[in-house]
Structure formats: C-alpha cells, structure tokens
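Numbering of ligands and ligand atoms starts at 1, following listing order. When a residue number appears, it is its place in the shown sequence, counting from 1.
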Amino acid sequence: MIPFNAPAIVGTELEYMQSAMGSGKLCGDGGFTRRCQQWMENKFGSKKVLLTPSCTASLEMAAMLIDIQPGDEVIMPSYTFVSTANAFVLRGATIVFVDIRPDTLNIDENLIEAAITDKTRAIVPVHYAGVSCEMEVIMALAEKYKLMVVEDAAQGIMSTYKGKALGTIGHIGCFSFHETKNYTAGGEGGATLINDPTLVERAEIIREKGTNRSQFFRGQVDKYTWRDIGSSYLMADLQAAYLWAQLEAAKRINDRRLRLWQNYDDALQPVAARGRISLPSMPPDCQHNAHMFYIKLRDNDDRTALIDWLKEAEILAVFHYIPLHLSPAGRRFGRFHGTDRYTQAESERLLRLPLFYNLSDNNQQTVINSLLSYFS
Ligand SMILES: Cc1ncc(COP(=O)(O)O)c(C=O)c1O
C-alpha cells in the first residue's frame, strides 16, 4: 500500500530525543525548545516564536491574546480545518465566512471588506497548501479598520509571500507540526509567532497558565503569580528534540518535497492541457513549500471513481474539509457572508495525492502511472 502520508524521518531524531532524556528536563522550555524557537526567529524574522502542543493550541492562544470577546466577529474562509474557527468560538466570537478564490482556494481578499461590520475584530487568512493569501490587501484592510490579523500558517512553514515568511506578516502566526505537516514534533506540535512586539509579554503569560513563570525563570522577577487567563500551551522538550532534528534538515526536506511536487506537476500537465483536470496555480509573489499536491476533478463522482481506481492499485488519495459553514457547528457559530460561489463546489472536486518526505521515486512513479492510465 502506498500511504497518503507518512511522518518525516531524517535519522537524527532518536539521538536528540536521547539527549533530551539525558538532560534531566523533559518538560517545556528546555534546551531543544529554545533551539527550535531561536532557529525560527532567525530564519523567519519573527519577534518571538513559542512552541506549543499543536496549531490548534496556537490559534487558541492567539484568540486570547487579541482579547476576543463574546459577540465579536472574526472573518475567515469556510474551506479550512475546524480549529481555525473553534479557537475563536471558544472565546464567544461569531465566525463570518467569506468565499475562496478558485485558483488558490484561499480566502478571496476582494470579498473581505464587504464582510466587515462594527463588530469585526480580526481576519484569519489560511494559507492553503502552503500558498500565501494576498497578504498585502489583507494587511491594508486590517490597518484601515483597526483589525488584528492571525495567520493560520498550519501548512505554511518555509513558504514566502513577496519574500516574507508566512506566519510573520500578520500580528500573530500559527504553525503546525502535526505528523501530516512538512516537519513534525513527533506527531503533534505547533508554534505561535508573535510579530507584534507589544504582544510578547502577554503571550508568554497566556502560554504559562496565566502566570509570569517565564519571567521568573529568566530571573526578571523573584516569584511568579497568576496574572491573566491562560492555559498550558508548552510543548514537551522531548518533542522539541524530535522537531529539532527536522528543522536542522529543513532545506533537505523542503527540496525533496518540491522535487516530488514538480514531478506530479510535470507528469499531469498534459492531462490538464486537455481540460480533464485542474492543477494548483501559483500567484507570482508566492514561493510555496510543497505542502500538498492536489488535483481538481470534474465533480464529486469523478473524484470518487478516481479514489476507487487508486485504491485498487493500493494507493491512498484523500480529500478534506467539508466546508465549515455547511457543518452543524458552523451553522450554529457562524454565517456565510455573500454567495458561496466556489467554497462548496471546489471542495467537492479536490483530491490530494501522496506526498511526503520519505516517498520513494519508484512509489511516486507508480502513483503517476496509475493516474495517467485512469485519465487515458
Ligand atoms: C489550516 C489548518 N489549521 C489548523 C490545523 C490544526 O493543526 P494541529 O493539528 O497542529 O492542531 C490544521 C491541521 O490540519 C490545518 O490544516
């Protein structure tokens, strides 16, 4: 069976995890956590990076940090993972869904302004497949209406927009290190990027159960106390050790993924040229990270037929995101602004192909051959 995904393994993970075990400190904010955070701060140019247990936790931290209150409205696409919305619903917000662009499947930046009301507090762009949203337009709207921008860059680490790393353009950015992502912290993990320096102190407090324990550990205060709301949003250092192995190999992983992505694109161009499928398109200012290779079929039936065809050949291909506004909780906690021209229609014809660091050339060729025979 060729799986849809396998967590990346580069070979040094065990050695670093053993080293973490030998250090006598396995909880959060140990040596490997510091290394990972500093590496990301330097590489991406964020004011402060904090490792968390998941991107879900990072989004929850972000919602607390920008002080979302009951009745506030938060604008985001409906074509996203539940955590993008849940984090804000947990604070009492109403979600306002805006349609996506058919080319990138990202929120349509030209539809956002009409969805802004007196209650709007934040915009949450989701960089689908590691391809950037139109951040210049979104940041200009945020400036004009005094809104906060939280980038859901769960899939966007190592991608850029006009040369800037995704996750560092909004006031706050959130990465995922879940095993389905390009880099993993041993299965689950995330990072919160605090790009607005005025938010750093409170971010550390929220992450440390609402206390100023981080300042205490740095010797800045002589005892720590309960200061604010918060939760336990630290990643165990054992997991950070696994992640460190992957960040050290970040370029190698990125290059390999880009190669695999390009192989699919090259092989399927003729099928797309016949109009049989659509392939991902890259806006000129976006450098992507090959997080995902998807194709768009004619419709749901065509997609189901291809999934079955691949399954016969022992290949797993999957789709995702039932649009949130069509789900029971989405109806309860949100509303769709304007017309759903693309969200549902595009979500019903998208199929993701196997793409992971340790996918062999041979296995990828098997997938390509099977696809080509289906389309012939
Ligand atoms: C767009 C998006 N946001 C948030 C998440 C949540 O990430 P995590 O599993 O690290 O909590 C995911 C995970 O798939 C995602 O794709």
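- Proximity of F175 to ligand 1, defined as any heavy-atom pair under 4.0 Å, is not found for any part of the residue.
- Using a 4.0 Å cut-off between heavy atoms, C55 contacts ligand 1 through both its backbone and its side chain.
- Ring centroids of H291 and F175 are separated by 6.0 Å or more, keeping the two rings apart.
- With respect to atom 14 (O) of ligand 1, the closest heavy atom belonging to the protein is K181 NZ, 2.8 Å.
- Using 4.0 Å as the threshold, S58 has no heavy atom nearer than that to any atom of ligand 1.
- Here Y374 pairs with W309 under the ring pair (Phe, Tyr, Trp, His ring centres under 6.0 Å) rule; sequence neighbours left out.
- Every atom of ligand 1 is numbered from 1 in the order shown, and the set under 4.0 Å from a heavy atom of G189 is 10 (O).
- Looking at T180 against ligand 1, nothing comes within 4.0 Å, counting heavy atoms.
- Each of L316, T366, N362, L353 was scored for a side chain to side chain contact (heavy atoms under 4.5 Å, CB included) with I2, with one residue passing: T366.
- Note: an N/O pair closer than 3.5 Å links Y321 and ligand 1 by distance alone.
- At least one N or O atom of Q155 sits closer than 3.5 Å to an N or O atom of ligand 1.
- The closest heavy-atom contact to atom 2 (C) of ligand 1, among the options A153, A154, S83, comes from A154.
- Between E188 and ligand 1, no pair of N/O atoms sits closer than 3.5 Å.
- Salt-bridge check for R303 with E348: failed, with every basic side-chain N at 4.0 Å or more from each acidic carboxylate O.
- When only non-hydrogen protein atoms are considered, atom 11 (O) of ligand 1 lies nearest to T56 OG1, 2.5 Å.
- Looking at E346 and R349, a side-chain N of the basic residue comes within less than 4.0 Å of a carboxylate O on the acidic one, giving a salt bridge.
- When the ring pair (Phe, Tyr, Trp, His ring centres under 6.0 Å) test is applied to Y264, the partners found at least two apart in sequence or on another chain are F293.
- Annotation: cation-pi geometry satisfied between R35 and F32 (NZ/CZ under 6.0 angstrom from ring centroid, within 45° of ring axis).
- Of the options R213, R34, R207, R218, a salt bridge (charged side-chain N to carboxylate O under 4.0 Å, His left out) to D29 is made by R207 and by none of the others.
- Interface of T80 with ligand 1, defined as ligand atoms under 4.0 Å from a residue heavy atom, comprises 1 (C).
- Between D152 and ligand 1, at least one pair of N/O atoms sits closer than 3.5 Å.
- Below 4.0 Å from some heavy atom of V126 lie the following atoms of ligand 1, by number and element: 1 (C).
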- Given the rule in the salt bridge (charged side-chain N to carboxylate O under 4.0 Å, His left out) test, do D255 and R259 qualify, once you have shown the distances and angles that lead to the verdict? CA-CA 6 Å; D255 288 350; R259 180 73 254 153; over 6 Å; no

- Message: Does E60 form a salt bridge (charged side-chain N to carboxylate O under 4.0 Å, His left out) with R91? I'd like the steps, not just the answer.
- Response: CA-CA 9 Å; E60 289 176 17; R91 310 246 55 83; over 6 Å; no

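- From the protein, the heavy atom lying nearest to atom 10 (O) of ligand 1 is S176 OG, 2.7 Å.
- Near S54, meaning under 4.0 Å from any of its heavy atoms, are these atoms of ligand 1: 10 (O), 11 (O).
- For the atom pair CD of E204 and CZ of F217, the computed distance is 12.0 Å after rounding to the nearest 0.5 Å.
- Closest protein heavy atom to atom 12 (C) of ligand 1: F81 CD2, 3.6 Å.
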